[in-house]
Structure formats: structure tokens, C-alpha cells
Novice: 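Next up is a structure, given as C-alpha cells.
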Amino acid sequence: MAFDPESAGRGLAETFKAHRTSILLGAIVGLFTGGPAGLVFGGLFGYLVSRLLRKAVSSLNPQQAFFRATFSVMGKLAKADGRVSEQEIAFARAVMEQMRLDDTRKAEAIELFNEGKQPDFEIASVLKPLAIYLRHRPTVRMIFVEIQLQAAFADGEVSKPELEIIQQVCAYLQMTEQEVSALVSRMQAQQSFHQYGQQGFANANPEQMIDDAYAVLGVERSASDGEVKKAYRKLMSQHHPDKLVAKGMPEEMVQVAKEKSQEIQAAYELVRKMRKAQA
């Protein structure tokens, strides 16, 4: 891949922004103790210390561990097939907007995304601390994997390298193959259903849209009304923002959870409307 000076410049600016306090402090100390050369080495030392401290904080702070893993794994997925598409970048930025990050947190998220794109990045470094925290929080774990699946679907399909990374993620988070398979199927349907909402339901294929609505709820068309309602209530409970935050999901992710709840609600309303019309 050809060197892109513009992208490199943006990445450098974002890195400086995320660590500017430590870099400036290190540079000032270095300047007074070692002159111009000390300024450079002091700034570099400040940057390295800042990165190490953030990693240490992530391992101790569950919400920061969730934040760090979210964007670095997203970057790993984006680079999995060799190049990062515009759709994948747009999705990462959309998540940042949903989270309503301030400039400092947004710069941190971008740095984590870029860190995940590096060839030597190991997802174990962010998933092992997260796995400990999520071991007894299956609903928060599900939200994390859903976000990564959405990132993988961002360019329209999940490539083999992306699927391999998703499988690694699920293995580290101790999810069963059955759980992963059910979640992938539901997320595929949710992506399709989401596109109907963006393009307008009037332009959609009615039968396919209804099939996707059932799949979003995780039930077959043959399910009883009671089974449909039970599946809907379970999903809404799992995606309830207040419950997720109470279980340790970062408050910044509330809007992401709300949008997922809205899509589940829309799928359920469509199924109910269809069943009433056929009664």
C-alpha cells in the first residue's frame, strides 16, 4: 500500500492530541535537563508513559477496558482484508457520534482504531482484561460482539479474515458456537432491516422484510404469539440502556443501545401488524 502523507499527518495529529499533556510535560522537563535533544526525548518518553498508563488503567477500569477494546478491535476488523474501506471508517465515526464523545475522547478512540490496524496488534491484549470483566455479564458481552459484527458488516459483507477475527473475539469472551451462530444470523437480519428503515419501508420487498423482522427477534414464522412476545421482551431487556449501564457498560454507549432497542421494537411492531392483518 502506498504511503499517504495526508493520512499519516492526520494520524500523527490525532496521536498528539490524545497524549498532548504527557508529551508536553515530558518535553518541558527534557528541555530543562537536556536541551534541544532532551526536549525530543522527553516528549517521546512522555508519550510512551502515557500509553502505558492508559493500558494499565484499562485493566483496572472495566468501562475503559470496554472502550479500548471496542475501537481497537474495530480497527483490527477494518484492516483484516488488507485495506480499510470508506464504509468501515464511516461506521467507526458513526459509533463515536452515537457515543457523543468530546474531542479528547474522540481523539483517543481514533488512536485506538489506528492502533488496531497495525500488523503487530494482538487482540488478546485488550480482550483478556475485558473477558475477565464480562465473564458474568452476558448481556454486556453480547452488546460488545454486536458492535463488532456491525463493524464487520459495514462494507456489505463479512470476509473470511473478518469472520476469523470475530471467532477469535468470541473465543476469548468464552461464547459457545451456538451463541455465535445465533448472534451472527440475528445481526445479518438486523443489518438488512436497518437498511429498510434508511431507504424507506415502502420500497422494500414485503416478504423479505417480514422474514428479517422475525430473524431480528430470533424466532421462526411458525412461532406462536406468546413465543414472539417472549423473544421480544427478552431482547428488549437485554438491550435496555439503564440495565446495561448498571451492569458496567460505559455510559457513552447508551445511545448505541437505544438505537438497537428501537430496531427491535420496529421489528416486533411489524410482526404484530402482519399477524393482526392475517387473523
Side-chain angles (χ1 to χ4, degrees), residues 1-20 22-23 26 40-93 95-96 104-134 141 144-145 147-155 158-175:
M1 182 179 292
F3 175 72
D4 183 352
E6 184 177 349
S7 297
R10 282 200 303 268
L12 187 61
E14 288 157 356
T15 297
F16 177 80
K17 190 173 183 180
H19 299 275
R20 61 183 178 274
S22 297
I23 292 173
V40 175
F41 285 109
L44 178 61
F45 179 76
Y47 164 70
L48 293 174
V49 168
S50 178
R51 285 194 62 179
L52 288 172
L53 284 174
R54 287 191 178 193
K55 287 183 178 180
V57 168
S58 292
S59 64
L60 297 173
N61 183 336
Q63 293 190 340
Q64 180 62 15
F66 191 104
F67 183 90
R68 179 175 181 79
T70 294
F71 289 103
S72 57
V73 174
M74 201 181 292
K76 182 77 170 180
L77 280 167
K79 192 68 173 178
D81 51 8
R83 63 177 296 274
V84 181
S85 70
E86 291 296 326
Q87 296 95 323
E88 288 165 330
I89 293 173
F91 176 79
R93 291 194 178 277
V95 172
M96 295 176 204
T104 300
R105 287 291 270 173
K106 190 177 290 185
E108 185 179 350
I110 292 170
E111 185 189 11
L112 290 169
F113 184 85
N114 290 333
E115 184 179 318
K117 293 190 302 182
Q118 302 309 308
D120 60 347
F121 176 74
E122 293 291 338
I123 59 174
S125 65
V126 294
L127 289 179
K128 284 183 177 180
L130 187 65
I132 295 170
Y133 165 62
L134 296 182
R141 179 181 64 187
F144 177 83
V145 178
I147 292 170
Q148 300 307 326
L149 278 168
Q150 280 186 281
F153 279 115
D155 55 1
V158 180
S159 66
K160 185 177 179 182
E162 287 173 327
L163 183 58
E164 289 174 353
I165 292 173
I166 291 293
Q167 289 171 336
Q168 288 178 41
V169 169
C170 294
Y172 277 115
L173 299 184
Q174 300 178 345
M175 294 179 68

Novice: For Q168, which of L127, I123, V73, L173 qualifies under side-chain contact (heavy atoms from CB on, under 4.5 Å)?
Specialist: I123
Novice: Kindly indicate whether the side chain of I166, heavy atoms from C-beta on, has any atom under 4.5 Å from the side chain of L77.
Specialist: yes
Novice: Between A80 and P161, what is the shortest heavy-atom contact and its length?
Specialist: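 A80 and P161 have their closest heavy atoms at O-CB, 3.5 Å.
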Novice: Can you check whether L112 reaches V126 side chain to side chain, under 4.5 Å on heavy atoms?
Specialist: no
Novice: Closer than 3.5 angstrom, by distance alone: can the side chain of K117 be matched with the main-chain N or O of A78 as a donor-acceptor pair?
Specialist: no
Novice: Which atoms form the tightest heavy-atom contact between Q148 and A69, and what is the distance?
Specialist: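 Answer, listing the atom of Q148 first, then A69: NE2-O, 4.1 Å.
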Novice: With no hydrogens and no angle check, just 3.5 Å: does a side-chain donor-acceptor pair link E122 and S125?
Specialist: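 Per modelled atom types, E122 and S125 side chains form no pair under 3.5 Å.
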Novice: State, yes or no, whether a side-chain contact exists between Q167 and L163 at a heavy-atom distance under 4.5 Å.
Specialist: yes
Novice: Roughly how far apart are L130 CG and Y172 OH, rounded to 0.5 Å?
Specialist: 13.0 Å
Novice: Which value, rounded to the nearest 0.5 Å, describes the distance between F71 atom CZ and E111 atom CD?
Specialist: 13.0 Å
Novice: Looking at R68 and E115, does any basic side-chain N land under 4.0 Å from a carboxylate oxygen?
Specialist: yes
Novice: Are the side chain of E108 and the backbone of T104 linked by a donor-acceptor contact shorter than 3.5 Å?
Specialist: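 No: the side chain of E108 does not pair with the backbone of T104.
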Novice: Would you name the heavy atoms of Q150 and F91 that are closest together and state the gap between them?
Specialist: CB-CZ, 3.4 Å
Novice: Looking at every heavy atom in both E88 and E162, which two are closest together, and how far apart are they?
Specialist: OE2-OE2, 3.1 Å
Novice: Can you tell me how far apart CZ (F121) and CG (N114) are? Round to the nearest 0.5 Å.
Specialist: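 Rounded to the nearest 0.5 Å, the CZ-CG separation comes out at 12.0 Å.
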Novice: Answer yes or no: is there a side-chain heavy-atom contact under 4.5 Å between V169 and K76?
Specialist: no
